[in-house]
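What follows is a set of notes on a single structure, which appears directly below.
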Amino acid sequence: MTIEQTLQELTAQAVKTLYNLTIDPHTVTVNDTPKNFVGSYTVVVFPYTKAAAKNPEQVGKEIGQYLTDNLVFAQDFNVVKGFVNIELTNAYWLQTFTHIIHHENYGQAPASGKKIALEYIGPNTNKPLHLGHIRNMFVGHAVAAILQANGHEVHKVNIYNDKGINISKSMAAWVHAGNGATPQSAGLKGDHFVGYYYVLYNKIATQQAAPYREQGMEPLEAEKLTPIYALAQQFTQEWEQGKPSVRQLWQTMNGWVYEGFAETFNMLGISYEKAYYESECYELGKKLVLEGLANGAFFAKPDGSVWADFTNEGLDQKVLIRNDGTSVYITQDIGVADLRYHDFTPDQLIYVVGDEQIYHFKVLKLTLQKLGKPYANLIYHLYYGMVDLPEGKMKSREGKVVDADDLIAEMLQTAEEQTRELGKTEGMNPHQAQQLYKILGLGALKYFILKVNAQKRLLFNPRESIDLQGHTAPFIQYSYARIRSILRKFNQNFLLPNYPINHLHPQEIDLITEISRFRQAIHTAAETYDPSVIANYAFTLAKSFNKLYADLSVLNNPDEQTNTFRVALAYTTARTLKNALHLLGIDVPERM
RNA sequence: GAUCCCAUAGCUCAGUUGGAUAGAGCAACUGCCUUCUAAGCAGUAGGUCAUUGGUUCGAAUCCAAUUGGGAUCGCCA
């Protein structure tokens, strides 16, 4: 039982004994005592003043006394208004700390038996990754790690939207204007190479559509009349028919893209256990839809298209198979869900996908319910907000995007410049220095994105480089590196079973308190699927250590016991910082 | 038109199941490196928690309305 739970139980007992009021211990509010008051935990007693028929101050004193009398670890208490602040004994803190230092994986929950399949990344194969994917990857990776730390079995999977009109557009432009070029001949990363032709397609289509638009036609309609669109459309149909030359070209261009993606994933430390491909799932999706049509879950329109009706659920009708018999986006997701369910038999299917698709996943869930699938209710759409540029939302078609690879390169460069400026590379060989730039640059980028609650929109200004000071990953990494430096200097065994320290410094207690919160932080982050909980936790812990470091000496105290104890405390802090950052996919340097 | 999301310091964000005087970082200003790494620490200044009403001992937090911003409602993905 945690100390909070103990305090809840005892408060319920106190209320029963003192005022003959029976309450559920879970309803007792126990908070961390704010910094400007004395104490560690605070019990709120306002709710019991009526039953006690006394003022809050009086009730606080009585309950405080009861708690102090009945809790071994209670040292003292004070009452401010209706708040009872409990001070705990040094013995409690030492015991807490001893427990943590002996548990390398403190914070990790025991196995829950819950199995989760988590989908993330989900790129289209017609263009390179951008800042939106970066947020997706960081959030997905972090949430997976956090759920794992909370005891769940997590299977990370990816989905490639590898077929359809957008890929056909890149193909059409390449056939139209590529002259047999390859990424090698063009000197481009594969995904950028294919993306170049996607942008080129849009240029050509815009040019060809100009006369129609001048007649007042909508751009989307005008595009459909262009020869380049006709070619893309033709590829799409021939692809569905399985025409070998089209399949061959498709495979080649997708192959280039996958090579490019792999490089970026590798750079970012992003991985997945299994990839699904739309091209391999849409037929299963169609089959399931047709089964639904046969058993009356869906209906057909006169033109042959297949629909689901959600008007009873307050939504619209939704097309599932087009009148030409081809599948739409949701059709593949039906097939993917089915495959994934049978691959992993998970207890939950998490989809890390942007909030623009909230409606899509609502419909997907309802569609699977209509099909009577057991996994319909396992679906959880973990959505994140769009990334805004100062000018507004990113738009791929207009080339208004922040490219992932460019951004990574800029971060490494920023990290290098600042590191050199501070003269931190002294004594490092070029390889070590490069490693450090990467740890710091990518750490700063990941932290910048993950410290914001994933569901909120994120503002990114490409003209202002991401800070390396303040509320950032390097701040936390710096605390870690400082501690590593101390440990190198100390160079003795400090894992003693007992610390005969009678006078714990308040800042030492603060730090132990902060370290001990890691378990709760993981729990909260997992429950809310929110990496920012961990990001903020790590920052608070680092700050707490930095303050102690500035005010007290860790290893230059006159008495050896204090040195040993503080080094152990620093060691545990570093370990916790490292573990916390690891959950965010962020590395730590030994020196910086 | 309908559904959903958001609104906290100049800027970017925290703020637990409702709890004390709403907190950080950046930017501005002031101190602190002969002692363990100054990517740090301490301090000053900065707020009508969008507005109004309601529930409550207590509301940034819950409810309603209003205002402003955004997303979605494609035989795009």
Side-chain angles (χ1 to χ4, degrees), chain A residues 26-27 29 31-37 42 44 46-47 49-50 56 80-83 85 122 124 126 161 163-166 220 278 301 303 305-307 314-316 318-324 326-330 332-333 354-360 362-363 383 385-386 388 392-393 415 418-419 421-422 424 440 444 448 451-453 455-461 464 467-479 481-490 520 524 528 532-533 535-536 539-540 542-543 546-547 549-557 563 566-567 570 591-592:
Chain A
H26 297 289
T27 63
T29 304
N31 295 326
D32 300 326
T33 304
K35 289 272 183 259
N36 37 350
F37 295 93
T42 298
V44 182
F46 288 105
T49 52
K50 200 173 276 180
V80 183
K81 293 193 244 176
F83 301 94
N85 302 319
N124 293 353
N126 64 321
N161 299 299
K163 68 177 273 280
I165 188 68
N166 287 318
L220 271 178
E278 182 183 2
K301 288 199 175 176
D303 67 358
S305 53
V306 180
W307 295 71
L315 305 176
D316 292 332
K318 176 76 187 172
V319 68
L320 302 175
I321 295 180
R322 296 190 184 100
N323 60 13
D324 63 2
T326 57
S327 60
V328 293
Y329 179 54
I330 195 168
Q332 64 136 346
D333 262 337
D355 63 6
E356 61 201 347
Q357 295 197 34
I358 289 173
Y359 184 82
H360 169 75
K362 201 181 269 182
V363 169
Y383 60 87
M386 295 292 96
D388 284 320
K393 195 185 163 180
Q418 298 209 24
T419 304
E421 207 168 298
L422 291 167
K424 298 278 190 178
L440 296 178
F448 176 81
K451 77 175 174 184
V452 180
N453 183 313
Q455 302 194 350
K456 284 199 165 184
R457 298 184 74 93
L458 179 73
L459 183 73
F460 180 80
N461 190 339
E464 293 173 10
D467 284 330
L468 304 182
Q469 272 103 31
H471 191 185
T472 66
F475 175 95
I476 302 163
Q477 290 165 324
Y478 180 64
S479 305
R482 272 175 152 180
I483 296 172
R484 296 307 295 175
S485 170
I486 290 172
L487 294 176
R488 282 191 297 271
K489 291 202 166 84
F490 186 68
Q520 181 60 38
T524 304
T528 54
S532 72
V533 171
N536 286 310
F539 177 64
T540 309
K543 248 185 4 169
N546 285 348
K547 182 158 175 55
Y549 183 92
D551 294 348
L552 308 172
S553 174
V554 175
L555 50 64
N556 294 324
N557 298 286
N563 287 335
R566 289 200 180 146
V567 169
R591 293 183 166 80
M592 69 180 274

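Residue numbers start from 1 in every chain, and the chains themselves are labelled A, B, ... in the order their sequence lines are given, proteins ahead of strands. This structure is a prediction, so every number in the text was calculated from the model and none was measured.
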Heavy atoms only, 4.0 Å cut-off, all strands: where does [X] land among base, sugar-phosphate and nothing?
X        : value
A/Thr540 : nothing
A/Pro56  : nothing
A/Glu278 : sugar-phosphate
A/Asp303 : base
A/Thr49  : nothing
A/Ser305 : base
A/Thr472 : nothing
A/Tyr359 : sugar-phosphate
A/Val80  : base
A/Leu487 : nothing
A/Asn124 : sugar-phosphate

[X] side chain: which of [options] is closest?
X        : options             : result
A/Glu356 : B/C75, B/C36, B/U72 : B/U72
A/Leu422 : B/A39, B/C75, B/C36 : B/A39
A/Pro34  : B/A20, B/C75, B/G19 : B/A20
A/Leu555 : B/A77, B/C36, B/U37 : B/C36
A/Tyr478 : B/C76, B/C26, B/A38 : B/A38

Go nucleotide by nucleotide along RNA chain B from the 5' end; which of A/Ile321 and A/Asn546 gets its closest nucleotide reached first?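 The 5'-side residue here is A/Asn546.
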Please figure out whether A/Leu440 or A/Val44 has its closest RNA chain B nucleotide nearer the 5' end.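 Looking at RNA chain B, the more 5' nearest nucleotide goes with A/Val44.
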Do [X] and [Y] come close enough that some side-chain heavy atom pair is under 4.5 Å?
X        : Y        : answer
A/Val554 : A/Val567 : yes
A/Gln418 : A/Gln469 : yes
A/Arg482 : A/Ser485 : no

Looking at [N], does its base get a donor-acceptor pair with the side chain of [X] below 3.5 Å?
X        : N     : answer
A/Lys451 : B/U12 : no
A/Asn536 : B/C13 : no
A/Ser532 : B/A14 : no
A/Asn85  : B/A20 : yes

Output a table of nitrogen or oxygen pairs between the protein and nucleotides 21-24 of chain B separated by less than 3.5 Å.
| unit_1 | atom_1 | unit_2 | atom_2 | d |
| --- | --- | --- | --- | --- |
| B/U21 | OP1 | A/Lys81 | NZ | 3.1 |

Would you please confirm or rule out a distance under 4.0 Å between OP1 or OP2 of B/C4 and any side-chain N or O of A/Lys362?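 It does not, given that no N or O in the side chain of A/Lys362 lies less than 4.0 Å from OP1 or OP2 of B/C4.
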Walk me through it: do A/Asp467 and A/Thr472 pass the test side chain to side chain donor-acceptor pair (under 3.5 Å)? CA-CA 7 Å; A/Asp467 284 330; A/Thr472 66; over 6 Å; no
Looking at CD1 of A/Ile486 and OH of A/Tyr549, how far apart are the two atoms once the value is rounded to the nearest 0.5 Å?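 It is 5.0 Å, given to the nearest 0.5 Å.
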Would you compute the distance between atom CD of A/Gln455 and atom OG of A/Ser532 and round it to the nearest 0.5 angstrom?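 Rounded to the nearest 0.5 Å, the CD-OG separation comes to 9.5 Å.
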Both distances below 3.5 Å, Watson-Crick or wobble geometry, any strand: find the nucleotide opposite [N].
N     : answer
B/C4  : B/G70
B/C26 : B/G10
B/G19 : B/C57
B/A45 : none
B/A39 : none

Pairs under 3.5 angstrom, nitrogen or oxygen only, protein versus nucleotides 5-10 of chain B, please.
none

Can you tell me how far P of B/G74 sits from CG of A/Leu315, to the nearest Å?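 Atom-to-atom, A/Leu315 to B/G74, this comes out as 10 Å.
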d(CG, A/Asp467; P, B/C11) in whole Å: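 About 17 Å, once rounded to whole Å.
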Is there a donor in the side chain of A/Gln357 and an acceptor in the side chain of A/Tyr329, or the other way round, less than 3.5 Å apart?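 Note: A/Gln357 and A/Tyr329 side chains meet the donor-acceptor criterion.
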Cut-off 3.5 Å, side chains only: do A/Thr42 and A/Asn31 have a donor facing an acceptor?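 Per modelled atom types, A/Thr42 and A/Asn31 side chains form no pair under 3.5 Å.
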Taking 5.5 Å and 30° as the limits, would you call A/Tyr549 and the base of B/C36 a stacked pair?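 Yes, aromatic ring over the base.
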Looking at B/G19 and A/Phe46: do their rings stack (centroid distance under 5.5 Å, interplanar angle under 30°)?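 It does: the ring sits over the base of B/G19.
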Could you work out, with salt bridge (Lys or Arg N to Asp or Glu O under 4.0 Å) as the rule, every residue matching A/Lys547, not counting sequence neighbours?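 With sequence neighbours excluded, A/Lys547 shows a salt bridge (Lys or Arg N to Asp or Glu O under 4.0 Å) to A/Asp551, given in chain and number order.
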Determine whether the aromatic ring centres of residues A/Phe83 and A/Phe37 are separated by less than 6.0 angstrom.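 No, the ring of A/Phe37 stays outside the 6.0 Å limit from the ring of A/Phe83, centre to centre.
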Test side chain to side chain donor-acceptor pair (under 3.5 Å) on A/Asn563 and A/Asn557; report intermediate values, then the result. CA-CA 6 Å; A/Asn563 287 335; A/Asn557 298 286; 2.8 Å; yes
Does A/Lys318 count as lying over the ring of A/Trp307, i.e. NZ or CZ under 6.0 Å from the six-ring centre, within 45 degrees of the axis?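 The answer is no; the distance or angle limit is not met.
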